[in-house]
K.L.:
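The following block contains the structure, expressed as structure tokens.
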Protein chains: 2
Amino acid sequence: MGYVRYPKRVSAAGESAAKPASRRRGAELESAILRAAVEELSESGYPGLTMDRVARRAGTNKNAIYRRWPNRAALGVAAYQRLATEKLRPPDTGALRDDALALLRRVNCDLSSPQAEILRGLLAGVGDEPELLARLHDAVADGGSGVWLTIVGRAVARGEVPPEALHPRVVTVALALLRNEYVTRGLTTVPDDVLVEIVDEVYLPLLRSRGPA
Amino acid sequence: MGYVRYPKRVSAAGESAAKPASRRRGAELESAILRAAVEELSESGYPGLTMDRVARRAGTNKNAIYRRWPNRAALGVAAYQRLATEKLRPPDTGALRDDALALLRRVNCDLSSPQAEILRGLLAGVGDEPELLARLHDAVADGGSGVWLTIVGRAVARGEVPPEALHPRVVTVALALLRNEYVTRGLTTVPDDVLVEIVDEVYLPLLRSRGPA
DNA sequence: AATTTACGGTACGTTTCGTACCCTATCGAG
DNA sequence: CTCGATAGGGTACGAAACGTACCGTAAATT
């Protein structure tokens, strides 16, 4: 079907931004694409993550992208994994309550409005592809679990909470609740009251409760 | 610009499904549109909620839709509100643990895979419109809060948990955790282990902990 | 040096949103 | 009962964006 004409066009000047003279290949090109995708994702969210725009930004074309990722959602997840992997070091204030609040606040700031929208977009875009969804889930979960284990571990060492508190699901409850607010409540940053409430009404009572009855 | 020709076409026979002879107006037509939207949403999820398809299914055209909702996301939220308003009556087994588990399981079955995907789709489609997001949030939140208050209220009456447990945020923790699993984990139903874990490791300890220190 | 592979560039087909435009049935006022 | 005004029906259209196909060419491989 249908290839009638093929006009041979000299590449228009100054159309693309950062493309070196030599032609990139393999890992180098892949990295450039991924970097462009992360930037687009950060600036314009998932709806802005257009294949054409990523290609233009990376100084390449959609061909090179589709050879690596089967569709837009896969590229989005890959980019998000990069974006979310910037680790945050656990605070160490000496009190579990302050540690937890500090962590929640940081997550609330760093990862808030843009990130939440990105995550929402991705969760939808992933749709019915379980593998992508799982990857996304891991990316999100890993972002938290370790850090929370650390601060609770310190609290256990201080005798603030019983050692039974060191349960993976228990430790990440605060993060899950915050994420729940994110995802459903929306773009705006979660108000600080809510964070305090999560910590004082749920998180601390829960951790303390897990000792010997 | 540009209306060149206008072919006068006799309406093709049998192209639309349920359109009565008389032309519907106002509330009646609106209801038909919404019903069609709910059906499309249930069958094909948010991606399948196409304006053209809804219009065809309702036996009307996009015009009538856009006169009522500004865009697809708004229609989707409206349809979801209808879909999610089917209430569930609280179980009453006589024990809080069983009530909570039963409720989680029912939510997990009834509202699981299709609903979760719809919700994910909507959350993304709503994007940057805070009002729609708020409406969605209400629709989701209302679905749970009351029921949970009921079963915990009964538990309080039985003396199972202290009255301080009747805190809105506390009471809905189990639902929030389950929803968190939904949203991130994906389509498949959340395994029962997880539900049990949520109840035994988090929910019950939390509620019991809220008594006098 | 020859061959194979991967990139660059571009054109397309398709779908879907949202808008514009005509024509007409129905409703309400006089 | 006649006659506008309003809302529906039908359709066409422009703009994006996805995903694919196809050429020509640079770079790696042999």
Side-chain angles (χ1 to χ4, degrees), chain A residues 1-13 15-33 40 44-76 121 125 127, chain B residues 1-13 15-33 36-37 40 44-76 121 125 127:
Chain A
M1 303 285 260
Y3 254 64
V4 186
R5 70 200 173 283
Y6 239 96
K8 186 152 224 172
R9 185 177 300 171
V10 188
S11 67
E15 192 128 31
S16 58
K19 175 169 39 174
S22 71
R23 182 182 279 188
R24 297 158 300 178
R25 290 174 80 91
E28 184 188 352
L29 181 56
E30 181 156 336
S31 174
I33 294 174
E40 290 289 346
S44 319
Y46 186 60
L49 188 78
T50 294
M51 302 309 256
D52 292 276
R53 289 180 60 179
V54 171
R56 273 236 317 272
R57 184 162 205 154
T60 178
N61 63 337
K62 290 194 290 182
N63 242 336
I65 304 180
Y66 278 105
R67 208 169 284 135
R68 295 174 164 80
W69 294 275
N71 50 45
R72 174 169 161 246
L75 174 62
Chain B
M1 303 286 260
Y3 254 65
V4 185
R5 69 199 173 284
Y6 237 96
K8 186 153 224 170
R9 186 178 298 172
V10 187
S11 67
E15 192 128 32
S16 56
K19 176 169 36 173
S22 71
R23 183 181 278 188
R24 296 158 302 177
R25 291 174 79 90
E28 186 187 351
L29 180 56
E30 181 156 336
S31 175
I33 294 174
E40 289 290 346
S44 319
Y46 187 59
L49 188 77
T50 295
M51 303 309 255
D52 292 275
R53 289 180 60 180
V54 172
R56 273 237 316 274
R57 184 162 205 154
T60 178
N61 63 337
K62 291 195 289 183
N63 245 334
I65 304 180
Y66 277 105
R67 210 170 281 136
R68 294 173 164 81
W69 294 275
N71 49 46
R72 173 171 162 247
L75 175 62

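Chain identifiers are assigned alphabetically (A, B, ...) following the order of the sequence lines, protein sequences preceding nucleic acid strands; residue numbering begins at 1 within each chain. Computed over heavy atoms, backbone and side chain alike; hydrogens, waters and symmetry mates excluded.
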K.L.:
Within the 4.0 Å heavy-atom criterion, would you say B/L49 contacts the bases, only the backbone, or no part of the nucleic acid?
P.N.:
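If one applies the 4.0 Å heavy-atom cut-off, B/L49 turns out to touch the sugar-phosphate alone, with no base involved.
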K.L.:
Find the distance A/D52:CG to D/dC18:P and express it as a whole number of Å.
P.N.:
6 Å
K.L.:
Starting from P on C/dT15, measure out to CZ on B/R56 and report it in whole angstrom.
P.N.:
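For the pair B/R56 CZ and C/dT15 P, the rounded distance is 12 Å.
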K.L.:
Considering non-hydrogen atoms only, spot the tightest contact between B/G76 and B/L49 and give its length.
P.N.:
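Shortest heavy-atom separation between B/G76 and B/L49 comes out as CA-CD2, 3.6 Å.
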K.L.:
Judged by each residue's nearest nucleotide on DNA chain D, which is more toward the 5′ side, A/N61 or A/T50?
P.N.:
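Nearest nucleotide further toward 5': that of A/T50.
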K.L.:
Would you mind reading off the distance between A/M51 atom CE and C/dA11 atom C1', rounded to a whole angstrom?
P.N.:
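That distance rounds to 18 Å.
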K.L.:
Rounding to a whole Å, what distance do you find between A/I65:CD1 and C/dG9:P?
P.N.:
13 Å
K.L.:
Could you check how far CD1 of A/I33 sits from C1' of C/dG8, rounded to whole Å?
P.N.:
12 Å
K.L.:
Starting at CG of A/L29 and ending at C1' of D/dA28, how long is that distance when rounded to a whole Å?
P.N.:
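Value for this atom pair: 15 Å.
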K.L.:
Compare every heavy atom of B/V54 with every heavy atom of B/A36, then report the nearest pair and how far apart it is.
P.N.:
CB-O, 3.9 Å
K.L.:
In this structure, how many angstroms lie between the P atom of C/dT19 and the CH2 atom of B/W69, rounded?
P.N.:
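So the CH2-P distance, B/W69 to C/dT19, works out to 16 Å.
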K.L.:
Given atom NZ of A/K62 and atom P of D/dA16, what is their separation to the nearest angstrom?
P.N.:
14 Å
K.L.:
To the nearest 0.5 Å, tell me how far A/L29 CG sits from A/T60 OG1.
P.N.:
5.0 Å
K.L.:
Given B/R56 and B/N61, is the side-chain contact (heavy atoms from CB on, under 4.5 Å) satisfied, shown in steps?
P.N.:
CA-CA 6 Å; B/R56 273 237 316 274; B/N61 63 337; over 6 Å; no
K.L.:
Under 4.0 Å, heavy atoms only, any strand: does A/R53 hit a base, just the sugar-phosphate, or nothing?
P.N.:
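No contact.
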K.L.:
Between A/R67 and C/dC7, is there a side-chain N or O to OP1/OP2 distance below 4.0 Å?
P.N.:
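It does, given that an N or O in the side chain of A/R67 lies less than 4.0 Å from OP1 or OP2 of C/dC7.
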K.L.:
Test of understanding: with side chain to side chain contact (heavy atoms under 4.5 Å, CB included), list the residues that count as partners of A/A73, not counting sequence neighbours.
P.N.:
A/Y46, A/N71, A/L132
K.L.:
Considering heavy-atom distances to DNA chain C, does B/N63 or B/Y66 have its closest nucleotide positioned more toward the 5' end?
P.N.:
B/Y66
K.L.:
In degrees, rounded to 10°, what is the bend between the two ends of the helix from C/dA1-D/dT30 to C/dG30-D/dC1, using five pairs at each?
P.N.:
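Both end axes considered, the difference amounts to 10°.
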K.L.:
Answer yes or no: is there a side-chain heavy-atom contact under 4.5 Å between B/D52 and B/K62?
P.N.:
yes
K.L.:
Hey, is the side chain of B/R72 poking within less than 4.0 Å of OP1 or OP2 on C/dC17, counting only N and O atoms?
P.N.:
yes
K.L.:
Check the phosphate of D/dG8 against B/R68, side-chain N and O only, distance under 4.0 Å to OP1 or OP2. Yes or no?
P.N.:
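For D/dG8, OP1 or OP2 has a side-chain N or O of B/R68 closer than 4.0 Å.
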K.L.:
Quick one: salt bridge (charged side-chain N to carboxylate O under 4.0 Å, His left out) pairs with a partner in residues 66-75 of chain A, sequence neighbours left out?
P.N.:
A/E30-A/R68
